[in-house]
Amino acid sequence: MARLSTEPYKGTRDWYPNEMRLRSYIFRTWRKVVKSYGYEAYDAPLLEPLEVYAAKSGQELVNDQTYAFTDRGDRQVAIRPELTPSVSRMIAAKQQEIAMPARWYNIGQFMRYERPQRGREREFWQLNCDIFGAEGALPEAEIIGMGAEILKAFGARDEMFTIKINNRRLINSMMAHYLELDGVQAQLMIKLFDKKNKIAPEAFRDQAIEIFGQDGAAKGLQKIAQLLAARTMADLPEVIRDSEVVKEVQELFTYLERAGIKNAMFDITLMRGLDYYTGTVFEFFDTHPENNRSLFGGGRYDGLVGLFGAEPVSAVGFAPGLSMTELFLQVHDLVPKLGSTTDIYMIAIGDGLRGAMKVAEQFRAEGVNVELDFTGRKIDKQLKTAIKKQVDHVMFVGEEELKSEVYPLKNFETGTEQKLSLERIVSAIRDHRAKPTRDDEEFTVDV
RNA sequence: GCGGAUGUAGCUCAGUUGGUUAGAGCGCUGGUUUGUGGCACCGGAGGCCGUGGGUUCGAACCCCAUCAUUCGCCCCA
């Protein structure tokens, strides 16, 4: 029989304890920030009826990029490729009894059948954070502000990222009234704007001409040039500037300024491909030259909850991903040293094993995590094991210690060793734990 | 779905006018007289060179196919 491969399934990763430490650190940092704004955890099923996604995202996307199958009851289901439809369904189902505005978050796992590449995998994790039932620019400012707070909680500084902001209604108005495009042309132009930074200026111009058609091309290009030159709202052509939407955008920027956010800018070319956005759209970009890409984005989507036959409920949300966050932390050198969840690696010496087991129990009763090495190997081997596991403290228990009830506690970080009583060791461990780099949360369990 | 790059030890890689038992560093493991790691020294294990064909007296090396990884395009909920 052929040997089985040890490689994980395409587009997925194995999470060894070492990798889990970084993931846990990212999750708990997300959690800490959103909880501080009053967001509460929720969760949804891993599987949804396929049509939930089809209704929202279009048939092609669903066919090509979901893990879909027919269950034994002949139902078409899909592994969730995103959470927005699920949470919209949940809100719609109980909208009468949910306290609005509802601030909800989830950290979850998703799958999309895609070609893996840098920062994109088939199996991925992301934070979903939404506020339902709140109109106007305040919830938008809150969500964008939280995005910035999250990056700062990882140690990012303002110059490491920028926030681009645009508004869907402004885009529509621009396409229809300023550029004077019909529906089909507008769709094409939105796509073109969306990839403007990815293609050569000549290619952009040629494709724009194609959309305008021969007659309107010259005038159209001139108008686009004027749009692209706009750095603030004031630079926009009058037709657009006078619209009601502009006031909303300006209001949002005012709130952001008050919140101390300095790196937000208006960008008329920011599109966010999705159809369901109805107002503000935004996207966070990494400024690092080696990772010059979108980190995450979001916006207002007021129509989705209404798809489930309920009254429309306004919604603003965003979704940072794990992989992108990892890349961001790596290129900016923001990954902290992360140790084990184990507090003490206990080494039994001589005939001390039986006693060590008892002592370990005493520590555990105090909430200290103790791993007992019962192998009876030489001391240096046991020490090496402790180091390899990245446990910060090692403790020796032999007959002498059991008699005196004073144990040598070695701290690998400082290289020091002290003889301490059980109580003193417990308090030393508690002090040590207060450090933020310690991995103290497991997996995705959300409490 | 399309294009480029790369597959040699656990990891990072060396290894050409195709020639006998395939190498290094790190890691792993045993020891330097068993109550203290990181250093040093001495030993050891571990590879049918991604896989399958072909060319050749002879292939890690050349050719074809295939799979995988990776970067990009499309797409990105």
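The analysis underlying the following values was restricted to heavy atoms, covering all of them including side chains, and did not include hydrogens, waters or symmetry mates. Reminder, nothing fancy here: chain letters follow the sequence lines and each chain counts from 1. What you see is a predicted model; the values in this text were computed from it and never measured.
Distance noted for atom P between B:G1 and B:A60: 33 Å (whole Å). Nucleotides B:C57 and B:G27 are separated by 41 Å at their C1' atoms, to the nearest Å. Between B:U6 and B:C48, the distance separating the two P atoms is 24 Å to the nearest Å. Comparing the C1' positions of B:G30 and B:A45 gives an interatomic distance of 10 Å, to the nearest angstrom.
Which of B:A77, B:C75, B:G37 sits closest to the side chain of A:Pro81 comes down to B:A77. Listed nucleotides B:G31, B:G37, B:C76 differ in distance to A:Lys410; the shortest reach to its side chain belongs to B:G37. When each of B:C76, B:G31, B:U36 is scored by its nearest atom to the side-chain atoms of A:Pro408, the top-ranked nucleotide is B:U36. Closest to the side chain of A:Arg118, out of B:C76, B:G37, B:C71, is B:C71. Residue A:Gln117 places its side chain closer to B:C74 than to any other of B:A77, B:G37, B:C74. With B:C75, B:A77, B:C73 as the choices, the nucleotide that has an atom nearest any side-chain atom of A:Arg112 turns out to be B:A77. Ranking B:C28, B:G35, B:G37 by closeness to the A:Lys388 side chain, first place goes to B:C28. Comparing B:G72, B:C76, B:G35 against the side chain of A:Lys191 picks out B:C76 as the nearest. For A:Lys378, the side-chain atoms get nearest to B:U34 when compared with the rest of B:U34, B:G37, B:A77. Closest to the A:Lys381 side chain, of the nucleotides B:U70, B:A77, B:G31, is B:G31.
By the 30° and 60° cut-offs, the orientation of the rings of A:Tyr113 relative to A:Tyr67 is perpendicular. Between A:Tyr407 and A:Phe363, the two ring planes are perpendicular [angle over 60°; tilted spans 30° to 60°]. A tilted orientation is assigned to the rings of A:Phe328 and A:His332, their planes being inclined by 30° to 60°.
Across all strands shown, B:G52 forms a Watson-Crick or G-U wobble pair with B:C64, both key distances being under 3.5 Å. Using the Watson-Crick or G-U wobble rule with both distances under 3.5 Å, B:G44 pairs with B:C28. Searching all strands for a Watson-Crick or G-U wobble partner of B:C57 with both distances below 3.5 Å returns B:G19. Across all strands shown, B:G4 is found opposite B:U70 as a Watson-Crick or G-U wobble partner, with both distances under 3.5 Å.
The shortest side-chain heavy-atom distance between A:Asn263 and A:Thr287 does not fall under the 4.5 Å cut-off.
Sequence order on RNA chain B of the closest nucleotides to A:Lys10 and A:Arg115 puts A:Arg115 first from the 5' end.
Residue-to-nucleotide contacts include a donor-acceptor pair under 3.5 Å from the side chain of A:Glu401 to the base of B:G35. Judged by distance alone with a 3.5 Å cut-off, no donor-acceptor contact links the side chain of A:Gln382 to the base of B:U36. A donor-acceptor contact under 3.5 angstrom links the side-chain atoms of A:Arg120 to the base of B:C76.
For A:Trp15 and A:Trp125, the gap between ring centers is short of 6.0 Å.
Screening A:Glu140, A:Arg300, A:Arg168 for a side-chain hydrogen bond (donor to acceptor under 3.5 Å, both in side chains) with A:Thr280, the sole residue that qualifies is A:Glu140.
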